[in-house]
Amino acid sequence: MDGLHRRHAQAGVIVKGDGLHGPQAATTMRIRDGKRVVEDGPFADTKEQLGGYFVIEVEDLDAALDWAAKAPSALTASVEVRPVLPPMPAPRR
């Protein structure tokens, strides 16, 4: 467990987190003219790739930004902070 993940766990804020395989393992899918178009590899125009993610549960954006500032990639790249969408309503029967 790396340092940031350990700190998340010790603080009790971690909900989920995973590393991802490199972009060479990606499969890109789009819908064009109603048909699925699937390509091996990342989208060609991509300049940055997602290397992994953490879902943490904290009180507000300021707390999330405090945690983001502790990520090693904040010093050399960037850390994107987003809220999680609320759960989808159950289908009506």
Side-chain angles (χ1 to χ4, degrees):
M1 188 182 306
D2 71 7
L4 181 61
H5 190 207
R6 187 179 314 104
R7 286 183 280 175
H8 282 148
Q10 289 170 343
V13 299
I14 189 80
V15 175
K16 175 89 174 128
D18 292 299
L20 300 172
H21 287 276
Q24 69 280 2
T27 301
T28 303
M29 192 279 299
R30 297 171 191 74
I31 303 293
R32 298 292 182 266
D33 298 321
K35 295 181 183 173
R36 188 185 301 190
V37 178
V38 179
E39 298 176 12
D40 289 337
F43 182 62
D45 288 342
T46 300
K47 294 179 177 64
E48 296 178 349
Q49 288 89 25
L50 181 66
Y53 69 94
F54 286 106
V55 175
I56 61 173
E57 188 170 336
V58 293
E59 288 188 29
D60 55 27
L61 178 59
D62 289 333
L65 291 172
D66 288 344
W67 279 106
K70 297 174 185 175
S73 60
L75 297 173
T76 58
S78 63
V79 177
E80 186 172 314
V81 176
R82 294 194 220 176
V84 175
L85 288 171
M88 298 282 292
R92 297 178 83 168
R93 293 184 181 194

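Owing to the predicted nature of the structure, the values given are computational and were not obtained by experimental measurement.
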Colleague: Students often mix this up, so state it plainly: with edges at 30° and 60°, are the rings of His8 and Phe54 parallel, tilted or perpendicular?
Modeller: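 Perpendicular: the ring planes of His8 and Phe54 meet at over 60°.
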Colleague: So which heavy atom on Val79 is nearest to which on Ala68, and how close?
Modeller: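 That would be CG1-CB, 3.6 Å.
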Colleague: At their closest point, which heavy atom of Val81 faces which heavy atom of Ala64, and how far apart are they?
Modeller: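 Distance-wise, the nearest heavy atoms are CG1-CB, 3.8 Å.
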Colleague: Which atom pair, heavy atoms only, marks the closest approach of Lys70 to Arg7?
Modeller: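 Minimum heavy-atom separation between Lys70 and Arg7: O-NH2, 3.6 Å.
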Colleague: Could you report the tightest heavy-atom contact between Ala69 and Ala74, atom names first, then the distance?
Modeller: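 Ala69 and Ala74 have their closest heavy atoms at O-CB, 4.3 Å.
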Colleague: Quick one: side-chain hydrogen bond (donor to acceptor under 3.5 Å, both in side chains) partners of Glu80, sequence neighbours excluded?
Modeller: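 In terms of side-chain hydrogen bond (donor to acceptor under 3.5 Å, both in side chains), with neighbours along the sequence ignored, Glu80 is linked to Arg82.
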